[in-house]
Q: 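The structure follows.
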2 protein chains.
Amino acid sequence: MANEDKFSKATPCEACPLRPLEIFRPFQHDELAFVANFKIGERSVDGGGTILSESQRSEHLFTVLSGWGFRYKVLKDGRRQILNYVMPGDMVGLQGTLMGEMQHSIEALSPVTLCVFKRSGLEQLYRQHPDLAYDITWIAAREERILDENLLSIGRRSALERAAYLLAFLYQRAETLQLFRGGRNALPLTQQHVADTLGLSIVHTNKTLRKLSGRDLIRWADRGCEVRDVRGLLRLAGWQGLGESKRPLI
Amino acid sequence: MANEDKFSKATPCEACPLRPLEIFRPFQHDELAFVANFKIGERSVDGGGTILSESQRSEHLFTVLSGWGFRYKVLKDGRRQILNYVMPGDMVGLQGTLMGEMQHSIEALSPVTLCVFKRSGLEQLYRQHPDLAYDITWIAAREERILDENLLSIGRRSALERAAYLLAFLYQRAETLQLFRGGRNALPLTQQHVADTLGLSIVHTNKTLRKLSGRDLIRWADRGCEVRDVRGLLRLAGWQGLGESKRPLI
DNA sequence: CGCAGAGTTGAACGCGATCAAGTTCCGTGG
DNA sequence: CCACGGAACTTGATCGCGTTCAACTCTGCG
């Protein structure tokens, strides 16, 4: 896949399109300066391409600048489980950077742009910017929290509840990133992705999504899902939503 | 539950029974001194007791010194999902400390002793000991990795594979902590715990465990599971095991 | 035009849930 | 001492959610 465009530095951190968003905590000047220096370039991957793959030892760490992707694992016989989705502002590759080897893969769902950070810069970050170090731990804890909720969902919720939870979850995340401004408010997934996230077969996923459509909670458009009633989805899933206030962006 | 015994400082860090274990990375003198000061006491909880509970705002952070426990979430109607188990050397309460509010509970499976750390000491740790800060992120990343594997298991493995995976996983963790020296090598669980971990009903869990017993992979003794053939369990689950080398202990 | 990927639908099957009853073990109190 | 009750485990019978198999439509694209 020759879709790499490494080390072009198109977007300087000072003009980061994400940082102004309400959801992210403001930066100190020196923090911004450090991160701008920590970033060594950008990389783009087109839809369907691989961002990181299992057993890989990456020397880089990334933050998603634009686009959607998903983290997943596969069993030897090909059964796939999607673990979580990645969206702008999410840091990826931390597990691999800290622990030596990736134990999951990440694939782009739409064209993705990544900020590339030098692995070695991380130690410097921990030494010179305790607040940023704290932020990184915070980011890891957030991922953990999301996985907890996901595990509850797959383990104990019915197919319909699971689907409702997932779509409400994705919608809310996209919403706080203002990803729906301008375009149509559709989540860029196929039903296969939904199936692999929920631990269901594609056939039953289809039937479940049609039930949600029947209740006017969603509408499945070409290669995507329009959420029409988040409240309804939340109620159906018995979930309060991920009520996030400010969070760090690195 | 009046089983608290706060702030008795029975075990000084200098004489920590866990630190000498091979699995933990060695400490520098100043690190040890810092942690000894970071620790403000010990707390014990007896089997079945609550270590931390959802929506609680704890001002403390803990490391398990001895005993077993588990992290779980429940849906409003009572369905319970166990997310992971906690064993000696595991840090608990980090999510709550960092993000303000616990979104899961932790219960003791056997009598548990915890090292208690002051929440406010964490900032100091990040400022003065970048290596320890790095360790904490590492610990969070490890938890994430475990949850990833768990999610794969519940989402895509069959009941028999799931059970094999879980028991091999717990056995391996206990093994590296030398928890079986002396006593019988039994995991202190009930079948209800296994069921709530695997996302299965108790009845089906029982039938599944009997199959594993029939193949001589395990033996279910009174209120616990003896693993007789880890290799067999690993093969059945199609899992390589968690091959951990040194890891941090705080 | 043909083909591949995505979505849809019906029919039959089966894994795991649910219902129902049992046993064993242990701690408690009469 | 035994009776009782509760918790954990066990087992068989039946039910149903979700899988699997098999087809079909629709769209975009070479």
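In the text below, chain A, chain B and the rest are named by the order of the sequence lines, each starting its count at 1. Treat the numbers as computed from the prediction; the structure is a model and nothing was measured.
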Q: Of all residues at least two apart in sequence or in a different chain, which pass the salt bridge (charged side-chain N to carboxylate O under 4.0 Å, His left out) check with Glu101(B)?
A: none
Q: Name all residues meeting the side chain to side chain contact (heavy atoms under 4.5 Å, CB included) criterion together with Arg145(A); count only those two or more places apart in sequence or in a different chain, and write none if there are none.
A: Gln95(B), Met99(B), Gln103(B)
Q: Who passes side chain to side chain contact (heavy atoms under 4.5 Å, CB included) against Glu107(B), sequence neighbours left out?
A: Phe70(B), Tyr72(B), Arg80(B)
Q: Not counting sequence neighbours, list each pair that qualifies as a salt bridge (Lys or Arg N to Asp or Glu O under 4.0 Å) and has a residue in residues 57-68 of chain A.
A: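 For residues 57-68 of chain A, and leaving out neighbouring residues, there are no salt bridge (Lys or Arg N to Asp or Glu O under 4.0 Å) pairs at all.
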Q: Heavy atoms, side chains only, cut-off 4.5 Å: are Arg157(A) and Leu152(A) in contact?
A: yes
Q: Using the side chain to side chain contact (heavy atoms under 4.5 Å, CB included) criterion, which residues pair with Leu236(B)? Sequence neighbours excluded.
A: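 Once residues adjacent in sequence are excluded, the partners of Leu236(B) under the side chain to side chain contact (heavy atoms under 4.5 Å, CB included) criterion are Leu160(B), Ala164(B), Leu212(B), Arg215(B), Leu217(B).
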Q: Set out, in order, the CA-CA distance, both residues' side-chain angles and the distance that settles side-chain contact (heavy atoms from CB on, under 4.5 Å) for Val194(B) and Leu166(B), then state yes or no.
A: CA-CA 8 Å; Val194(B) 175; Leu166(B) 174 65; 4.0 Å; yes
Q: What pairs meet the ring pair (Phe, Tyr, Trp, His ring centres under 6.0 Å) rule with one or both residues in residues 143-192 of chain A, with sequence neighbours excluded?
A: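 For residues 143-192 of chain A, and leaving out neighbouring residues, the ring pair (Phe, Tyr, Trp, His ring centres under 6.0 Å) pairs sorted by first residue read Tyr165(A)-Phe169(A), Tyr165(A)-Trp239(A), Tyr171(A)-Phe180(A).
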Q: Applying side chain to side chain contact (heavy atoms under 4.5 Å, CB included), can you list everything that pairs with Ala140(A), at least two apart in sequence or on another chain?
A: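 So Ala140(A) forms a side chain to side chain contact (heavy atoms under 4.5 Å, CB included) with Leu94(A), Ala140(B), Glu144(B).
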Q: Given side-chain contact (heavy atoms from CB on, under 4.5 Å), test Arg156(B) with Asp196(A) step by step and report yes or no.
A: CA-CA 8 Å; Arg156(B) 289 306 187 196; Asp196(A) 287 347; 2.7 Å; yes
Q: Can you pull out the residues from residues 194-213 of chain A that lie within a 4.0 Å heavy-atom distance of DNA chain D?
A: Gly199(A), Leu200(A), Ser201(A), Val203(A), His204(A)
Q: Produce the list of close N/O pairs, under 3.5 Å, pairing protein atoms with atoms of nucleotides 4-8 of chain D; give distances to one decimal.
A:
none

Q: Where does the chain A footprint on DNA chain C start and end, counting 5' to 3' with a 4.0 Å heavy-atom cut-off?
A: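 Endpoints of the contacted stretch of DNA chain C: dA6(C) to dA11(C).
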Q: Taking Glu149(A)'s backbone N and O only, do any of them form a donor-acceptor pair with Ser153(A)'s side chain (distance below 3.5 Å, no angle check)?
A: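 A pair under 3.5 Å: no.
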Q: Using a strict heavy-atom distance below 4.0 Å, which residues from residues 148-159 of chain A are in contact with DNA chain C?
A: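 Result for residues 148-159 of chain A: none.
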Q: In a table with atom names and distances, give each donor-acceptor pair under 3.5 Å that connects a side chain of residues 172-179 of chain B to protein atoms at least two apart or in another chain.
A:
residue   : atom : partner   : partner atom : Å
Gln172(B) : OE1  : Leu242(B) : N            : 3.0
Arg173(B) : NH1  : Asn84(B)  : OD1          : 3.2
Arg173(B) : NH1  : Tyr85(B)  : O            : 3.1
Arg173(B) : NH2  : Tyr85(B)  : O            : 3.2
Arg173(B) : NH2  : Asp90(B)  : OD2          : 2.5
Thr176(B) : OG1  : Arg173(B) : O            : 3.0

